[in-house]
Amino acid sequence: MARVLYDEATRVYPGSTQPAVDALDLDIADGEFLVLVGPSGCGKSTSLRMLAGLERVDGGRIAIGERDVTHLPPRDRDIAMVFQNYALYPHMSVADNMGFALRVIKVPKDERNRRVLEAARLLDLEEFLDRKPKALSGGQRQRVAMGRAIVREPKVFLMDEPLSNLDAKLRVQTRTQVAALQRRLGTTTVYVTHDQVEAMTMGDRVAVLKDGLLQQVDTPLRLYQQPANVFVAGFIGSPSMNLAEYRVEGEEAVLSGGTRTRLTRETLKALRDEGTDRVILGFRPEAVEVVGDADKDHTTFPVTVTVVEELGSDAFLYGQYADATDPALREETVIARVDPTAPPSKGARVFLRIVPGKEQLFSAGTGLRLPT
Amino acid sequence: MSTSMTPRSSVPRQAGPDQAVRGNGHGILAAPPGMPQSPLEESSRRSRWVVGILLAVALLWTLVPLLWMLLSSFKNRTDVTSATPQVLFAPTLDNYRNLFTGSNNLGPYIWHSVLAAGISALLAVCLGALAGYGLARTQMRGKKHLAFWIISTRMAPIAAVVVPLFLIFRGLGLIDSIPGLVLAYLTFNLPFAIWLMSAFFAEVPASLEESALVAGCTRWQAFRTVILPLTKSGLVTTFVLCLVFAWNDYAFAVVFSGPNSQTLPIAASQLVTQTGIDWGQLTAIGTIVVVPMMLAGLAVRRWLVTGLTLGAVTGE
């Protein structure tokens, strides 16, 4: 068990000027479950492989515990990695696969068998120990890959999209199992995924990456409630946050037609400092309420419903601003959570109001969160 | 990898509808019984006939000369040269006996062939595996060109290199020696082995060796314990093909070998003399040359088939 530290770690692939991972700073506490998440090509896998020693570190340093591992080969890092395709050795039985790392470091056979059996019991793999990987189902193979990591009793677990080859239902089950297992073992874990739901449900903290740059690292809840910039705001949450650029008039942002939202003094000051009259305003689908015709006022805006998604526990309406004067705004889709027992019908015109205090404001120039 | 292994998935495999259809022996295009045959079915049946006939012709083309050689090697002098082909005759081992007695015993030739072909094939596989692995895993510019250049050296006709090689070998004192022949055979076997092995290594997912590296292996350990066992069929295929190429060589042997290193094909050619051809002994040598390679091919058939079709190592 150990703390993991990325200190301005940088990786530039040969023949490329743009770093794949650009001065990454991450301080992962002992026993923490940290998830690296981002769209494909954001550098999350590269970051993990740098920690594994499978990718060179071109700048900065990486430490595991007190030890600087920046230039150590993978075998000297005391880590275990679970690969996306599991990377099970096809010519070895499940037991040999799980005990492989112990055999390499010459752990006595008795001790090795004991640890393999223990892990197999933990993962419900006892009856498969003599089988070859190809005689296992996808879920079993995934567990063998986990078992191989556990048997090693490493300082850090590295997991590179370990669930992405499972079908949707099994993935959800395994998600909780992996998270529970990690809590139980208490081993520091760095987990890579492109699935933000996986990131939110599994991580103690989540680091969001884009284009090799760390956008924000925080607890899932804070990422959701206080995204540091427009990218994080749009990436975290499903359905995603409504984000659009609006004009500022006086002390208010003009939403559409006659709808206005009052901005705080701090926000206005920040906008003044930036010298702009544009602001990006975001609101989560659950941060709006549907209001009746009678209650409409200058804070409500009409939306034409194009699609209604009914999920049973929830319902989401997808619609268009009905009276937007700004042509760009007319293209925007508004998503709102509505009462699942009485969802509006397709084509209907409803009035929405952003729940006061639930709007999120970002600079139109830099995309950074504005003070409210 | 083993084809004899049956997957024992915990999820019972059901006989899917496609398997049921395939089971009736008419292929998946078969119409259900009682239905009129579709034009598609008709044409597929015809193409099967055509393929069958072509295969039969190819098989005869290949086997008849070999069979005739085998038969002739057991015939006496009159039978083998008889104007009407003799299929039924009194078999004799005289031809073989004559080969191993007398002044020009065949024994040393066999030994030379075994040594030269065996060592050169073994070296080609060992060096080819190392170089092929490097080639498969290196990320560099112009890798494709390098790979093509390596295999292109195999394409040069032997006649083009015989003279320069002869001069080099003479300078190094390698004429009429087994090491000389081994080296000569490596000139065509090594490029082939590198090229073939690199294709096999490229099939092994890189994550397998990365996993081994993380588990505590050095590169060499990962190569030996994980990658090599997975490319067994490749190693066997490469070895057998290199062995056959070297075993069958005549052009190099006729130039570079002497009394201390002459191989079987040379012995065969020595039976073609100005005073006549001893067909009996010639077919006996032919048999001795061909049979071991056929047996080797049969022995490793399982790996050869998977090896020549590649794709046998993904662990799925």
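Any value given below was found using the heavy atoms of this structure, including those in side chains, with hydrogens, waters and symmetry copies removed. A, B, ... follow the sequence lines: proteins, then strands. Residue 1 opens every chain.
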Chemist: Using a 4.5 Å cut-off on heavy atoms from C-beta on, say whether the side chain of A/Pro73 contacts that of B/Leu213.
Modeler: no

Chemist: Where does A/Arg77 contact chain B at under 4.5 Å (heavy atoms): side chain, backbone, both or neither?
Modeler: neither

Chemist: Should A/Arg148 and B/Ser211 be marked as a side chain to side chain contact (heavy atoms under 4.5 Å, CB included) after you check the CA-CA gap, both sets of side-chain angles, and the distance that decides it?
Modeler: CA-CA 10 Å; A/Arg148 202 165 59 172; B/Ser211 168; 3.0 Å; yes

Chemist: Report yes if the side chains of B/Thr218 and A/Arg75 come closer than 4.5 Å at any heavy-atom pair, otherwise no.
Modeler: yes

Chemist: Please look at A/Tyr89 and chain B and tell me whether the side chain, the backbone, both or neither of the residue comes under 4.5 angstrom of a heavy atom of that chain.
Modeler: both

Chemist: More than 12 non-hydrogen atoms from neighbouring residues, nucleotides or ligands closer than 6.0 Å to NZ on A/Lys109, yes or no?
Modeler: no

Chemist: Measure distances from B/Ala206 to the heavy atoms of chain A and classify the residue's part below 4.5 Å as side chain, backbone, both or neither.
Modeler: neither

Chemist: Could you look at A/Leu88 and say if it's the side chain, the backbone, both or neither that has a heavy atom under 4.5 Å from chain B?
Modeler: backbone

Chemist: Go through A/Ala149, A/Ala87, A/Ala101 and name the one with the most non-hydrogen pairs under 4.5 angstrom from chain B.
Modeler: A/Ala87

Chemist: Step through the shown structure and confirm whether more than 12 heavy atoms of other residues, nucleotides or ligands are within 6.0 Å of CG on A/Asp110.
Modeler: no

Chemist: Set out, in order, the CA-CA distance, both residues' side-chain angles and the distance that settles side chain to side chain contact (heavy atoms under 4.5 Å, CB included) for B/Glu210 and A/Arg49, then state yes or no.
Modeler: CA-CA 10 Å; B/Glu210 288 175 349; A/Arg49 292 169 57 83; 2.7 Å; yes

Chemist: When you measure from the side chain of A/His91 to the backbone N and O of B/Ile227, does any donor-acceptor pair fall under 3.5 Å?
Modeler: no

Chemist: Is chain B contacted by the side chain of A/Leu54, its backbone, both, or neither, given a heavy-atom distance below 4.5 Å?
Modeler: side chain

Chemist: A side-chain contact here means heavy atoms from C-beta on lying under 4.5 Å apart; do B/Pro229 and A/Met92 qualify?
Modeler: no

Chemist: Could you go through the side chain to side chain donor-acceptor pair (under 3.5 Å) check for B/Thr225 and A/Arg103 one step at a time?
Modeler: CA-CA 11 Å; B/Thr225 57; A/Arg103 209 180 68 199; 5.6 Å; no

Chemist: Pair A/Phe100, B/Cys217 - check side chain to side chain contact (heavy atoms under 4.5 Å, CB included), show working.
Modeler: CA-CA 10 Å; A/Phe100 182 76; B/Cys217 288; 3.6 Å; yes

